[in-house]
2 protein chains.
Amino acid sequence: MAKYIKKHISRLEALPESVRQLLKAARLKQGWTQAELGRRIGLPQMHISAIETGKIVPRFDTLLDLARILDYDILLVPKTLVPVMQSLMRNQDSEEQRPLYASDDEIE
Amino acid sequence: MAKYIKKHISRLEALPESVRQLLKAARLKQGWTQAELGRRIGLPQMHISAIETGKIVPRFDTLLDLARILDYDILLVPKTLVPVMQSLMRNQDSEEQRPLYASDDEIE
DNA sequence: CTAAACTATATGCTATAATATATAACATAT
DNA sequence: ATATGTTATATATTATAGCATATAGTTTAG
């Protein structure tokens, strides 16, 4: 049976820049402060700051809470469909505002 | 300044069932055991099991590693686009196989 | 310029993801 | 039925997300 290779070397890296930018932009679009956003999902202001500045990588459920309160959702999609989805987001972009897609740049 | 409300009551719940089903299905599609999958991203078999069975909620970067090695990606998308994306995934579904989209059921 | 609002950083603590190892439970094949 | 491969559970430790509070910077409004 194959053993894992890495020995206690954390895989941890910061959230992708694009994700953090998007979260911040979405928060500002709602006109919320970090404290106001945190209040809505039960996180202290300090934590929102840490996430936006890349100090920590949130758990998946935390990111999902954040996304949803900010009118986003998180989808697991087959790689083959990613380009199509990106163009969809860029189009909506034209008629609205933001560079709305994320998770494009590498996390490592 | 508004204070957060919840006092140390964890927001933690299991990963959405649909996400866990998808991860497992994608792993099996590749013909990988939990140990083999874990080896590829540096996680012990036990951890893969815990994620698939909903014992833990992984960090975002962990889920991203998992998704990508399984030929998926994670997108943050505006809620307004979710229905379109879902139908896109269902269509590809017809010509391929899985109910490919996730994060639809609630986490709380 | 000063005050107020907001954001980033600091410290200590708690909960839990992640690491490591072992083994029980389950499935599959011979 | 037993050996083999696979998955789930158990225990212990370490790393870090998250909680709570305080405060130092930074930005914005008057």
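Chain naming here is simple, since letters A, B, ... match the order of the sequence lines and numbering starts at 1 in each. Below, all heavy atoms of this structure are taken into account, side chains as well, without hydrogens, waters or symmetry copies.
Taking atom CD of B:Gln45 as the reference point, atom P of C:dA18 lies 15 Å away to the nearest angstrom. Between the CG atom of A:Leu28 and the C1' atom of C:dA5 there is a distance of 14 Å, rounded to whole Å. Here the P atom of nucleotide C:dT19 and the CD1 atom of B:Ile51 are 9 Å apart, to the nearest Å. For the pair A:Ile56 CD1 and C:dA17 P, the computed distance is 14 Å after rounding to whole Å. Atom CZ in A:Arg20 sits about 11 Å away from atom P in C:dA8, given to the nearest Å. The nearest whole Å value for the distance from the CG atom in B:Leu64 to the C1' atom in C:dA17 is 16 Å. In this structure, the CD1 atom of A:Ile41 is 9 Å from the P atom of D:dG18, given to the nearest Å. Per the geometry, CG belonging to B:Leu37 stands 13 Å off C1' belonging to D:dT7, to the nearest Å.
The closest side-chain heavy-atom distance from B:Leu23 to B:Leu63 is below 4.5 Å. Residues B:Gln30 and B:Asp71 are in side-chain contact: their nearest non-hydrogen atoms beyond the backbone lie under 4.5 Å apart. Side-chain contact check for B:His47 versus B:Ile56: some heavy-atom pair is nearer than 4.5 Å.
Closest to the side chain of B:His47, out of D:dT7, C:dT7, C:dA18, is C:dA18. Distance from the side chain of A:Thr53 is smallest to C:dA8 among D:dA8, C:dA8, D:dC19. The listed nucleotides are D:dT7, C:dT9, C:dA18; the one nearest the side chain of A:Ser49 is C:dT9. Which of C:dA18, D:dG18, C:dT9 sits closest to the side chain of B:Thr62 comes down to C:dA18.
For the pair B:Trp32 and B:Met46, both in contact range of DNA chain D, the more 5′-proximal nearest nucleotide belongs to B:Trp32.
Distances shown here put every side-chain N or O of B:Arg59 at or beyond 4.0 Å from the OP1 or OP2 atom of D:dG18. At C:dA8, one or more side-chain N or O atoms of A:Gln34 fall inside 4.0 Å of OP1 or OP2 (strictly under the cut-off). One finds a side-chain N or O of B:Lys55 lying less than 4.0 angstrom from the OP1 or OP2 phosphate oxygen of D:dT9.
Within the structure, no pair that satisfies the salt bridge (charged side-chain N to carboxylate O under 4.0 Å, His left out) test touches residues 79-89 of chain A, not counting sequence neighbours.
Placement of A:Leu37 and A:Met46 in two distinct hydrophobic clusters is found when ILVMFWY residues are connected by side-chain heavy-atom separations under 4.5 Å, directly or transitively.
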